[in-house]
Amino acid sequence: MKGKLEPAERQKLIEEGKNLKEALTTLEEDLVKLRDELQIEAQCIPNLTHPDVPIGWEDSSKLRNMVGSPRKFDFPVKDHLQLGKELDLFDFDAAAEVSGSKFYYLKNEAVMLEMALVNWTLTEVMKRGFTPLTTPEIVRSSVVEKCGFQPRGENTQVYSIEDSDQCLIGTAEIPVGGIHMDSIVAESALPLKYVAFSHCFRTEAGAAGTATRGLYRVHQFSKVEMFILCRQEESDMYHEELIKIEEDLFSSLGLHFKILDMATGDLGAPAYRKFDVEAWMPGLERYGEISSASNCTDYQSRRLGIRYRPSESPSTTSKKGKTNVAATKIVHTLNATACAVPRMLVCLLENFQQEDGSVSIPHPLRPFTGGVEAIYPKSR
């Protein structure tokens, strides 16, 4: 086109250029569509599983440990809904009018108990070398996807914000995972241990029935979450550390609970292995999940682009005399719930109820409740 051309030849080349540009535009549109389709298909592929994980659905999970024993009551046991009503601790009816079903107001000592649980949990976990965080509670959909959650679809547990690429978080695991997104961490900085407080929001699509009544399954709740980024060969060790912290926390509150090694069908896409903690809830007359601890290996970090560079001295030198820098490696990520407030309230109210209608507050929490030792029925 830059040379001397006959007008007819130049016009022919101009038309050919236009056709190439239009074809390229079509190909680029097709490529975007194919990438989106590939991403959707790839998200259906879960993490690998630990060789010791039991195969099957939830009922195939193995008992790992049983701590304590159920309290024996010599009076009729009340569930947390009845206790909450008699002690004036929460209001579901008003919240349903204001926000919809599965929302609630906490009142009086229940508010103090929430604050006590959060502050006590943060204090205890920080003693173990964790850095405290509060997190954003709105994140980009892409970060949700990279952490292994589905922000779209009929059965999604994620609240999406209309006309934006943002979502409300269902767990602090998501924004904490995003802190080091697309970065290289120094090996000397590992492990990175965080304990994060946040509010969490879940649609609870498909969740209904008496087993999920009251505070057991709600759309909004406070939670303290532990998160670790570590070397690949150390993630199994830190998984054991996380479940030990959970066991220590719940034992010190005097709860009876069991720890399960969850079967493959209950792992979810990111988890390589997951331990669940189920506490006895006498008012509900069953065990209920209050916590879990998951080793996600490199499933999340590979998608989030979190790497570390080994610090050992490189052993190779290039022909030009320059030392080759050690290749980066993908970190492993782990997460564990230190305290999911509503279910902890269920456990505390139901397990520590007294015959006179009061509820005793466990000793570790009393310094965080201003010295309040028990919750008594309000005088009419």
Side-chain angles (χ1 to χ4, degrees), residues 73 75-123 134 137 159 168-170 172 197-204 207-208 210-224 249-250 253-255 279 281-284 288-291 337-380:
F73 294 87
F75 58 88
V77 175
K78 302 170 184 176
D79 66 15
H80 72 281
L81 283 168
Q82 186 176 353
L83 288 164
K85 183 176 181 180
E86 293 175 359
L87 298 173
D88 195 22
L89 297 179
F90 29 76
D91 191 332
F92 287 95
D93 294 335
E97 292 296 324
V98 171
S99 303
S101 64
K102 295 187 182 296
F103 287 93
Y104 56 96
Y105 286 96
L106 293 184
K107 301 170 63 179
N108 299 313
E109 291 90 348
V111 178
M112 298 169 64
L113 264 182
E114 173 169 22
M115 302 304 176
L117 281 165
V118 169
N119 285 309
W120 171 75
T121 303
L122 285 171
T123 301
T134 59
E137 293 172 358
Y159 282 108
L168 299 178
I169 64 169
F197 168 76
S198 74
H199 297 100
C200 304
F201 306 86
R202 300 184 184 180
T203 66
E204 298 297 355
T210 56
T212 62
R213 70 185 186 273
L215 289 173
Y216 188 82
R217 196 177 296 280
V218 290
H219 289 311
Q220 176 184 333
F221 57 96
S222 301
K223 183 157 73 83
V224 179
L249 291 173
F250 304 139
L253 289 177
L255 300 179
M281 300 176 178
L284 297 180
E289 181 189 340
I290 59 169
S291 178
T337 301
C339 176
V341 170
R343 293 190 183 180
M344 291 301 292
L345 291 178
V346 173
C347 288
L348 297 181
L349 293 175
E350 294 190 359
N351 280 285
F352 298 107
Q353 58 183 295
Q354 307 300 313
E355 189 171 9
D356 64 359
S358 67
V359 172
S360 177
I361 294 175
H363 285 275
L365 298 180
R366 292 179 184 179
F368 298 89
T369 61
V372 175
E373 298 182 0
I375 307 170
Y376 295 97
K378 308 296 181 290
S379 57
R380 298 291 180 181

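Minimum interatomic distance between Cys200 and Gly170 (heavy atoms only, all atoms of both residues): CB-O, 3.3 Å. Residue Lys223 comes nearest to Thr337 through the heavy atom pair CD-CG2, 3.8 Å, listed as atom of the first residue, atom of the second, then distance. In plain terms, the two heavy atoms of Asp356 and Ser358 that are nearest each other are OD1-OG, 2.6 Å. Across Ala338 and Thr121, no two heavy atoms sit closer than the pair CB-CG2, 3.4 Å.
When the shell of 6.0 Å around OH of Tyr376 is examined, it contains 12 or fewer heavy atoms from other residues, nucleotides or ligands.
Every pair passing ring-ring contact (aromatic ring centres under 6.0 Å, His included) that includes a residue from residues 77-101 is listed here, sequence neighbours excluded: Phe90-Phe92.
Taking the side chain as every heavy atom from C-beta outward, Met344 and Leu255 approach each other to under 4.5 Å. Contact annotation: the side chain of Phe368 never approaches that of Leu117 to less than 4.5 Å [non-hydrogen atoms, C-beta and beyond]. Considering only heavy atoms from C-beta on, Glu137 comes within 4.5 Å of Ser198 through its side chain. Taking 4.5 Å as the limit, every side-chain heavy atom of Phe103 sits out of range of all side-chain heavy atoms of Val98. In this structure, the side chains of Phe73 and Glu355 stay at 4.5 Å or more apart for every pair of heavy atoms. Residues Leu348 and Val359 are not in side-chain contact: their nearest non-hydrogen atoms beyond the backbone lie 4.5 Å or more apart. Taking 4.5 Å as the limit, some side-chain heavy atom of Tyr104 sits within range of a side-chain heavy atom of Pro342. Annotation: side chain of Ser360 is not in contact with side chain of Glu373 (no heavy-atom distance under 4.5 Å).
With values rounded to the nearest 0.5 angstrom, Asn119 atom CG is found 10.5 Å from Leu365 atom CG. Rounded to the nearest 0.5 Å, atoms NE2 (His219) and OG (Ser99) are 10.0 Å apart. Of the inter-residue distances, the one linking Glu109 atom CD with Leu349 atom CG reads 10.5 Å to the nearest 0.5 angstrom. Atom OG of Ser222 is separated from atom CE of Met115 by 7.0 Å, given to the nearest 0.5 angstrom. Here the CD-CG distance, from Glu350 to Leu345, works out to 11.0 Å after rounding to the nearest 0.5 Å. Taking CD1 of Ile290 as the reference point, atom CZ of Arg343 lies at 9.5 Å (rounded to 0.5 Å).
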Apply side-chain contact (heavy atoms from CB on, under 4.5 Å) to residues Val224 and Leu122 and explain how you reach the verdict.
CA-CA 7 Å; Val224 179; Leu122 285 171; 4.0 Å; yes
Asp79/Arg213 under side-chain contact (heavy atoms from CB on, under 4.5 Å): CA gap, chis, key distance, verdict
CA-CA 10 Å; Asp79 66 15; Arg213 70 185 186 273; 3.2 Å; yes
Asn351 and Leu253: CA distance, side-chain angles, deciding distance, side-chain contact (heavy atoms from CB on, under 4.5 Å) verdict
CA-CA 10 Å; Asn351 280 285; Leu253 289 177; over 6 Å; no
Candidate pair Ile375 and Leu83, rule side-chain contact (heavy atoms from CB on, under 4.5 Å), full reasoning:
CA-CA 10 Å; Ile375 307 170; Leu83 288 164; over 6 Å; no
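Under a 3.5 Å cut-off, the side chain of Tyr216 and the backbone N or O of Glu289 do form a donor-acceptor pair. In terms of modelled atom types and a separation under 3.5 Å, the side chain of Asp91 and the main chain of Tyr105 share no donor-acceptor contact. Formation of a donor-acceptor pair under 3.5 Å by the Gln353 side chain with backbone atoms of Lys78 is found in this model. The main-chain N or O of Val372 is found under 3.5 Å from a side-chain atom of Thr369 such that the two form a donor-acceptor pair.
For the pair Arg202 and Tyr159, the NZ or CZ position fails the cation-pi test of under 6.0 Å to the six-membered ring centre and within 45 degrees of the ring normal.
Between Phe197 and His199, the distance separating the two ring centers is shorter than 6.0 angstrom.
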